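Below: the structure, in structure tokens.
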Amino acid sequence: MDLLYAVFVGPFRDMVTAPTFLAEVLIGGVAAGLMYSLVALGFVLIFKASGVFNFAQGAMVLFSALTLVGLMERGVPMVLALGLTIGVMVALAFAIERVVLRPLVNQEHIILFMATIGLNFFLEGLGEMVWGANVKRLDLGIPDESFMAAGILINKLEMAAAATAAILVGVLAVFFQSTKIGRALRAVADDHEAALSIGIPLRTIWVVVWSVAGLVALAAGIMWGAKSGVQFSLSLIALKALPVLILGGFTSVPGAIVGGLIIGTGEKIGEVYWGPLVGGAIENWFAYVVALAFLLVRPQGLFGEKIIERV
Amino acid sequence: MIYREAGQFKTSYAADQAVFPIVQDRVVVGAFLALAFVLPPALASEYWLQAVLIPFLVYAMATVGLNLLTGYAGQVSLGTGGFMAVGAYAAFKLTTGFPGLSILLVFVLAGVIAALVGIVFGLPSLRIKGFYLAVATLAAQFFLIWLFNKVGWFVNYASSGTITAPPRTVMGFMVTGPEATAAARYVVALGLVVVFGVVAKNLVRGRIGRSWMAIRDRDIAAEIIGVRPLRTKLLAFAISSFYCGIAGSMLVFLFLGSAETQAFDINQSFLVLFMVIIGGLGSILGSFLGAAFIVLTPIFLTNAPHWLGLDISVALQKQIEVMIFGGLIIFFLIVEPHGLARLWQIAKEKLRLWPFPH
Amino acid sequence: MLEPGLDTFPKLALRNAQRIPRNVAIREKDLGIWQAYTWAQYVEQARLIALGLAALGLARGDKTAVVGDNRPELYWAMLATQALGGIPVPLYQDSIEKEMQYIVGHAEARFAVVEDQEQVDKLLHVREQCPMLEWIVYADPRGLRHYRERGLLGLDELQERGRKFAIDNPGHFDREVAKGAADDLAIILYTSGTTGQPKGAMLSHRNLMVTARNAIAHEGLTSSEEVLAYLPMAWAGDHMFSFAQSLVAGFTTNCPESAATVLHDLREIGPTYFFAPPRIWENILTSVMIRIDDASWVKRRMVHFFLDVARRVEERRLGRRAAAFGDRLLYALGRVLVYGPLRDNLGMRRIRIAYTAGEAIGPELLGFYRSLGVNVKQVYGMTESSALVSIQKDGDVKLDTVGTPLPEIEVRIAASGEVMYRGPGVFLGYHKNPEATAETLEGGWVHSGDAGVFDRDGHLKIIDRAKDLGRLADGTMFPPKYIENKLKFSPYVREAVCVGGERPFVGALINIDPGSVGNWAERRGIAYTSYTDLAQKPEVYELIRQEVARVNRSLLDEGPLAGAQIRRFLLLHKELDPDDQEITRTRKVRRGFIGQKYAGLIDALYSGGDHVKVEAQVTYEDGRTGTVRAEVRIHDAEAFAPGIVR
Amino acid sequence: MTPAPPPALLEVAGVSVRFGAVQALDRVSLSVRRGEVIAIIGPNGAGKTTLLNVISGFYHPSEGHIRFEGRDRTRLAPYDVAALGIARTFQNVALFKGMSVLDNIMTGRLLKMKGSFLLDALYWGPAKAQELEHRAFVERIIDFLEIQAIRKTPAGRLPYGLQKRVELARALAAEPTLLLLDEPMAGMNVEEKEDMCRFILDVNREFGTTIALIEHDMSVVMDISDHVAALDYGRKIADGTPDEVRTDQAVIDAYLGVSHV
């Protein structure tokens, strides 16, 4: 009997009794969720524009962070380092389009998906080879302390991350809905050949998309790196972004953000309140189980369109 | 060029549908298999057996398994590591729980248990496809590893959290445990791979293989001629996990000797996925070629610098290796999406058509 | 001589069924695999058909028309008819109704055993004019299920009637077979004949069996040979190789799946004993050259290099002179790299003995296959001689002769240059055609209709058709067939007709090969639409002009024929087609007919103009006719005065 | 008194199908007698393919029901429909590109093949015998449709006309009692059309299979069908013999496009 109590009643009682603690956990969850959303945004961008599920987005986050930190360690002032890294990421976008995407232009998505897996490992190896594999501190001038506001402990860095994420979402939403390039991106996503046939310059579009995804990766890399240091595990968060995309749907920018928050908070609460029951550290699989359960109910996620199979 | 096909005509459907219809192929494969059982145990050095041949066999078993699921049935899976772990831990519990059981039976039972787990994680495949399914298998991967880490029962509450292979014999030879010689472990591994390789080939060329490929190529057309999607997909998950389970138990019992969950993490799933892609989706032979390629490349990379006289740090070597793997995946997907198996097939066809162009 | 108990083909078959019952007698590629029938099954099937035909009332002397692709069922039907003392009359499967109607009427066939619905439909129309054709039996029931015509039944139903008949008349089959004698009529083969209506050559069991036995002994054939039966069953060659010799030697006949898969089945079976008319050897060579030209530059260079080596080695070997040491080494390497794989790809790797028969073959073509190691030999004979008069013996092969006569056959050259021969294989005469028989048969000697000479080694050399052997206005000898064969060696020439009798010089009407010339044009980016358009392209004329020059150069050193070089030529606007009666079913040129039909073109050759308008009637496959109008160009050919060094 | 017409093999009664706002089929009733060749005609978008999809079980009708051989089977899944003996081909060819022509047709035999999984694994005894037995049956179909030469070529590499023929072979391999053909002759040249007509008539005569086909080419419809039904905007506007339907004013309007006020 007490097992049922411990699973269904106990945790809620704890939440009610310690609201401030709950708030802190929630804020921690939101912060982690935002991190996931930032990474997920990169996925959505590329999927929306090229129908490719870019598995290498995680490696791009790591690669961009490594480049930035590597430059700063070489004494390059932060602003210049930032500029240089952006340049590097755009160059990377050109290279990816030329070497990987152009030859595979109308292959099935499964082939492109596997190509990005290859890209993921290539970038990891390259990043570590160029900048070394040890963990690097990334300080942004934003002290990583927290302050008390209305009894709740808030961490400055997480707030900065939240602000960046919000700004990025706004920019991207506008970019996709109203700009000329945005509409072209959506057309390309539906059908490469159709887009080519009406004169959309597929190559330039893809370079633009991958560059923007690179920048989003850089932003995520910076935030994530500043919080828990730039190290190899960064590329694993790409896996964590998957459940976020499942919830939010692969093609909607707002969906990515909302999905990220749900997974972030869900994980934290699950870990804190239900974790101890089963020995803790349920963080790394909890997200997937949530996403899985969600998928069985609504295969195309919160905002995604229903995929009808034309016979 | 070496083929002498004139005069080889088929007088029965059995002959026409044989795995190796051309005599030259039958002879070569037969000889190769015979030698594979005889030469390495006698001649190969401990290093070659332990570092090259046994891991190749272990990964070949896993690759065949994943190829059945992803290559033939078209269901993407990133949970190979998890299913291998199930096999390994099941085998460990079986040997410690029932010492009398013969080790071969333990392997098979481990496979069966992995198959049951596979079915559970295959259930979502009915409603979701493609990338979405990858999520379900990822859930399996992380959940299983977490399970074996957290629940002491699986490791018989050993503080180190590792499982070790107890000594077991087959027909009087010590095949597992510290005293088992590399040669004995190799022969057992090869035996398992050959038997289950043949089984896989038989499944694939029969009605089961066809129903898998039908689901992979056009599931609505498959449904209209009587293929039941869920049952077919679950069968694919079950059999694939069976192979991964055996591979997992072979990894511990015949290769490493002992292991913890770290040996079955997500990187194993990617590694086996590489082998399937590079080897060739939808080809049993491709699975062997892929496994051999991925097992041999790092060895080549470690030795190549010495041959070329420039020595590089181990870390740099590891990074180059990862880069090369990533690069090769992209290369193969562009040049030949069907991997080494297709290149092998084209080479064979060129030989048969020689001197005419392919 | 023939042993008394074994003097007819049915008796021979019964002996095979006892002596080698489990040897495979005949195979057929059907439903994806090769279905095999042993000699025991071969005889059993034939027996049931015979009894079925007996049930339908087939009496001794009745004729059975046999029509269709090479099928075991049709070979059994022939043996079954012979068993009852009847006479099988095979017809060409692609002949149009008019031709079939003449032959069925002339032979007064009461029965017909055919392959499928296509032949049944034709025979049903023929029956309106030939009421004596009572029974039509079909092997493949496809599409015939709902036919309700009288006297039409399937082979299984026929064999069912045979089983019932056997119960009512035990021992009937054996009694009828025993009645057979060596000199009974075994078969009537209607020769396609280049002039006038086809003539029915009557051949007895003795004619065919003695010729078959002598040839088998002469060449050392055994019961383990594999033969591919793919040539029309109405052709004397197929009957000798796939029926007569198969029964005498007991070896296996293989029937391809369909006409379209012959080359594929050739590779699968890999026959040890193979025969083909020159145009098949030509077609295979052309397809080889086209596929080689499509290969990468390196492979192309390599193949041509080794083919030249092989040609040099073969020339020396024929001249019994040892090849240069270097060449011998290269040839050994070539065998691994080119000749072996090429032979294997063509299905010719297992060939022990191969014949080219039916028409004269260009020496270069024969030389090409021999240089690859395919033991092709020229054979001379005709329907009237049970297909075989002379064969080149192994080790004594020449490129331009037809070898020495078979045992028991005498050959002499008449004053007119015509080849005459006598022997056991000589036919009994033409069915219901005493005038033609008298013209051809003189006291046992047969007028072959071919002009020829004996060379110093006693080899017979066929120059041309006797009546076509012409003289130019200035008397120089003009063998049209001989020159045409040289032209046809080129992969770009499909057919050629040389004219020159009583003319100042030799002219040529040439049919380009649409396949190879089309391929050649495509590679040079020459756009063309129809056959007529391609044939009139200036570049194509230049291409053929080089081929004509090559022929003229080879005629230069043929002594008396130097004067017969081709001076002017034109490329015909349409392919010569059997449906327009321009060539026979086995693609032999009908010179007389072409002489009338294209008189305008021929005169233009000699009128010095450089082009001529032409309007010719064409019959399409379904019998409708249409006219083709075209403007045909005429070109001078490059000729060589004797004495100029090549 | 003409004999009572044989019981309908397939009975479509008042079937409607709706995709959101789109009324694809509107209370369509149709009966197909055993052994007949029925052609379903109508302008593009009239709901012909939707009707076929409803019969095949891809969509379940929002109203009305379907009886096959007298038994109600309105809400069956596609593979149960196949088990009943209904096979079909698709408008834009749904072949298994990764398999050879032979394997494609052999998949049509799946419903007929049973046997234990273990024996399949060993490809021994009954499993092997079954495989060869079905191979022999498939060979008769290959011979029947004259596709012997392309037996071992991958289906993806075939020209359009041949792909259609292989798809027909696969459907025939299931030995259906009812065969649904979705524009079997679309995109074919004259010669290929003649062949396909011959095959369809042969199937109907040799195997007695009832055939329902969607076809636009009226000359083909006139030649080979015993019974014609016309659809327009999801409603059945004509049903009868080929001549009746050809002269039916509603059909002419539908094709010539009278404005639907």
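Keep in mind that the numbers below use all heavy atoms, side chains included, and drop hydrogens, waters and symmetry copies. Here the structure is a predicted model, which is why all the values come from computation and not from measurement.
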statement: Whatever's closer than 4.5 Å to a heavy atom in chain C on B/L351 counts as neither
Can you pull out the donor-acceptor contacts between chain B and chain C, under 3.5 Å, including backbone atoms?
{"from": "B/E5", "atom 1": "N", "to": "C/D344", "atom 2": "OD1", "distance (Å)": "3.0"}
{"from": "B/E5", "atom 1": "N", "to": "C/D344", "atom 2": "OD2", "distance (Å)": "3.0"}
{"from": "B/A6", "atom 1": "N", "to": "C/D344", "atom 2": "OD1", "distance (Å)": "3.1"}
{"from": "B/A6", "atom 1": "O", "to": "C/R349", "atom 2": "NH2", "distance (Å)": "3.2"}
{"from": "B/G7", "atom 1": "N", "to": "C/R267", "atom 2": "O", "distance (Å)": "3.3"}
{"from": "B/G7", "atom 1": "N", "to": "C/E268", "atom 2": "O", "distance (Å)": "3.1"}
{"from": "B/Q8", "atom 1": "N", "to": "C/E268", "atom 2": "O", "distance (Å)": "3.3"}
{"from": "B/K10", "atom 1": "O", "to": "C/W34", "atom 2": "N", "distance (Å)": "2.9"}
{"from": "B/Y13", "atom 1": "OH", "to": "C/L31", "atom 2": "O", "distance (Å)": "2.5"}
{"from": "B/R352", "atom 1": "O", "to": "C/R267", "atom 2": "NH2", "distance (Å)": "3.4"}
{"from": "B/R352", "atom 1": "O", "to": "C/N345", "atom 2": "ND2", "distance (Å)": "3.4"}
{"from": "B/L353", "atom 1": "O", "to": "C/N345", "atom 2": "ND2", "distance (Å)": "3.3"}
{"from": "B/W354", "atom 1": "O", "to": "C/N345", "atom 2": "ND2", "distance (Å)": "2.6"}
{"from": "B/W354", "atom 1": "NE1", "to": "C/L337", "atom 2": "O", "distance (Å)": "2.5"}

- line: Looking only at heavy atoms, the pair that brings C/P341 and B/P355 closest together is CB-CD, 4.1 Å
- prompt: So which part of C/L31 gets closer than 4.5 Å to some heavy atom of chain B, the side chain, the backbone, both or neither?
  reply: both
statement: From the list C/V303, C/I290, C/L342, side-chain contact (heavy atoms from CB on, under 4.5 Å) with B/F356 holds only for C/L342
query: Is the number of heavy atoms from other residues, nucleotides or ligands within 6.0 Å of CZ (B/F37) greater than 12?
result: yes
message: Among C/V336, C/L337, C/V338, which residue has the highest count of heavy-atom pairs closer than 4.5 Å to chain B?
response: C/L337
